[in-house]
Asks: 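Below: one structure in structure tokens.
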Amino acid sequence: MTKTNKSADPATISAHDHARQLDVATAWERHETMLPLCAFGDLGLCCTICYMGPCRIDPFSKEDLRGACGADRNTISARNFTRAVSAGTAAHSDHARGVCHTLLDTAKGKAPGYQVSDPVKLGKLATELGIKTENLSQVDLAAKVGHFLTDEFGKQDGTLAFLKRAPKVQQERWERAGVTPRAIDREVVECLHRTHEGVDSDYRSLILSAARCALADGWGGSMIATELQDVLFGSPRPVRSKVNLGVLKADCVNVVVHGHEPVLSEMLARAAREVEILDYAKSKGAAGIILAGICCTANEILMRQGMPVAGNFLQQELAVTTGAVDSMVVDVQCVMPGLAGVAKHFHTKLITTSNKARIAGVDHVPFEERHALETARRILRSAADNFCRRDPARVDIPPQSMDLVAGFTAENTFHHLGGTYRGSYRPLNDGIMAGRLRGVVGVVGCNTVRVQHDYNHLAIVKELLKHDVLVVETGCAAIACAKAGMLTPEAALEFAGKGLQEICAAVGIPPVLHMGSCVDNSRILIACCEMVREGGIGDDLSQLPVAAVAAEAMSEKAVAIGLYAVASGITTFFNPAPRVLGSPEVFNYLTAGLEKDFGAHWVFDSDPHKIAQGVIEHLDAKRAALKLHPMLYPVEMSRTA
Ligand code: NFS
């Protein structure tokens with residue numbers, strides 16, 4: 001059998017080889033059975049919106065082809081795109097709604113085990129939202145903030161509260177373009193209405209409505225999730241941990257949490273440290289309990305609890321195929337249904353916990369805040385029982401695990417840069433203005449079987465670091481770079497250009513800052529606002545020398561994030577392109593036309609080296625427009641990164 005080249009990560013290659021030896025099919029093999037991919041679908045030219053169809057448009061035809069209702073390629077691809085953005089926004093925002101409810105239940109005393117862990121942040125939020133804090137107990141304050149933010153989903157008047165965090169010029173841009181989001185649910189519903197058969201057929205109007213919906217994600221749902229998770233579970237602080245499949249241990253009970261919502265995994269993290277639970281695991285012959293995460297649940301418990309990360313999106317099935325996972329506990333989003341088939345080959349107990357996300361034939365342990373800690377203990381005990389059923393002959397854990405530092409936020413990162421006594425964004429802005437730093441780039445998003453796993457993330461980030469770009473990361477991209485050793489302070493010496501090295505050495509930060517899960521991309525928006533507020537590098541986000549990259553995008557959430565970044569003035573490099581390539585008009589509108597309204601646009605490119613070059617040219621153009629000092633330490637582009 002030849003070795004797989006599906007991944008740039010040696011642990012993934014070895015685990016995938018093991019899976020193939022055992023004849024266990026994973027996403028890569030299933031994907032191969034789908035090839036060639038349906039070109040109509042891929043180009044966005046297949047319409048399944050009404051039941052006269054499905055209709056499809058021949059992309060090579062010179063005729064003005066139309067579906068049965070008269071929709072042309074522009075309408076069809078723009079509607080498909082808008083629906084993807086709506087689904088992505090719905091996912092992030094429904095997650096946020098759950099966190100609001102947990103805060104409210106905590107305030108009502110209906111969620112024992114939960115508490116306000118960051119009262120300072122709660123107080124600041126209350127003040128920001130115009131809630132009078134005098135004479136209010138912490139519980140009452142939590143209830144008021146919880147109610148206020150819950151209303152952001154369904155209110156019938158006004159616009160979203162957190163939009164005011166953006167610079168004034170930015171808010172005026174949104175007003176002029178008619179994309180200021182009102183309520184989160186309203187924008188999702190309106191997009192679904194507009195894209196229903198026979199409603200909005202103007203592609204520009206559709207895409208602007210998608211932009212308004214996406215902004216309701218970034219400045220609404222995602223931001224609410226981040227803020228309230230900080231309130232409930234504590235704001236992250238820099239923390240050391242480990243990453244990759246090698247964090248699983250052959251002699252321990254291994255429990256993997258996967259999905260997105262930290263409400264249960266926080267409890268699992270707490271229960272896994274309890275002496276009684278550890279003793280129970282030991283009574284079954286285990287040396288201890290390893291609780292490790294996959295995907296954004298991993299990022300959440302990493303940032304706040306320092307729990308190890310087993311891997312990113314494409315490693316979820318491979319964690320099971322190590323044969324060493326006694327229980328995998330999943331909630332919502334990015335959980336492959338294929339896990340059920342893979343788990344059947346091993347002793348692994350797969351458990352769904354969200355009533356929104358069941359998998360046929362898989363045990364369901366419904367998670368309720370009222371019994372959260374008890375549920376967590378029950379899950380860990382059953383994993384310990386299952387440890388006894390493990391077949392050592394099928395266990396093969398790749399040895400790789402890497403050190404990392406995570407836990408950076410918009411608030412704490414720049415306190416590092418500014419030093420303890422003058423925490424501000426001034427040193428960051430000064431570094432950019434002086435040409436020591438070229439700019440700041442968010443490298444975010446998923447893995448996809450359409451790209452060699454992790455390769456694009458690593459190739460792009462290496463090139464950016466060399467060119468003195470400070471990289472901030474979330475999601476599966478952050479996990480990819482962590483596995484490659486880029487998330488330690490020492491990594492600056494190996495990967496960073498001289499200017500970035502100087503900054504990292506002065507303040508002891510890694511050159512790549514892990515800022516959390518995908519809802520935590522809202523932290524990056526806030527950091528950009530702070531950079532504008534600090535002064536000297538632009539009046540709105542579109543003037544800053546910043547960019548976003550999602551070069552292994554997989555989910556509709558990633559499309560929503562890409563669009564809110566662009567609509568917030570951040571030019572976004574994205575691959576594979578959303579399904580709009582069948583309409584040159586929609587393609588041009590996204591990659592150029594949006595610039596007029598937002599001062600930013602999408603760039604669709606599949607070559608990571610060209611993406612890195614494009615990002616650097618983009619930063620340089622922004623620097624030139626601001627008349628900033630030339631870069632202190634110019635570097636040539638690598639021929640191959
Ligand atoms: Ni983001 Fe997180 Fe990963 Fe992509 Fe999925 S885990 S929310 S969608 S795959 S980065």
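The basis for the numbers below is simple: all heavy atoms, side chains too, and nothing from hydrogens, waters or symmetry mates. Just so you know, ligand 1 is whichever comes first in the structure, and atom 1 is the first atom listed for that ligand.
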Asks: Regarding atom 2 (Fe) of ligand 1: of the candidates His260, Glu300, His258, His92, which has the closest heavy atom?
Replies: His260

Asks: Relative to the heavy atoms of Phe313, which atoms of ligand 1 are at a distance of less than 4.0 Å?
Replies: 9 (S)

Asks: Got a sec: is Cys518 within less than 2.8 Å of atom 1 (Ni) of ligand 1 via an N/O/S atom?
Replies: yes

Asks: If you measure from each non-hydrogen atom of Ser555 to ligand 1, which part falls under 4.0 Å: side chain, backbone, both or neither?
Replies: side chain

Asks: So is Arg304 actually on top of Phe233's ring, under 6.0 Å and inside 45° of the axis?
Replies: no

Asks: Heavy atom under 4.0 Å from ligand 1: found in Cys334's side chain, backbone, both, or neither?
Replies: side chain

Asks: Please determine if Asp403 and Arg240 form a salt bridge, counting it only when a charged side-chain N lies under 4.0 Å from a carboxylate O.
Replies: no

Asks: Counting from 1, what ligand 1 atoms have a heavy atom of Cys296 closer than 4.0 Å?
Replies: 2 (Fe), 6 (S), 7 (S)

Asks: For Ser517, run the side-chain hydrogen bond (donor to acceptor under 3.5 Å, both in side chains) check against Glu300, His92, Arg523 and tell me which one passes.
Replies: Glu300

Asks: With heavy-atom distances below 4.0 Å as the criterion, list the atoms of ligand 1 near Cys476.
Replies: 3 (Fe), 6 (S), 9 (S), 10 (S)

Asks: Please identify which atoms of ligand 1 are closer than 4.0 Å to at least one heavy atom of Gly445.
Replies: 10 (S)

Asks: Mind telling me whether His618 and Phe573 have parallel, tilted or perpendicular rings, with 30° and 60° as the class edges?
Replies: perpendicular

Asks: Ignoring hydrogens and geometry beyond distance, is a side-chain donor-acceptor pair present between Asn447 and Gln315 at under 3.5 Å?
Replies: no

Asks: For Met554, take its heavy atoms, then give the atoms of ligand 1 lying under 4.0 Å from any of them.
Replies: 9 (S)

Asks: Would you call Glu411-Lys121 a salt bridge at under 4.0 Å N-O?
Replies: yes

Asks: Have Thr474 and Asn521 got a donor and an acceptor in their side chains that come within less than 3.5 Å?
Replies: yes

Asks: In ligand 1, which numbered atoms sit nearer than 4.0 Å to a non-hydrogen atom of Cys446?
Replies: 4 (Fe), 8 (S), 9 (S), 10 (S)

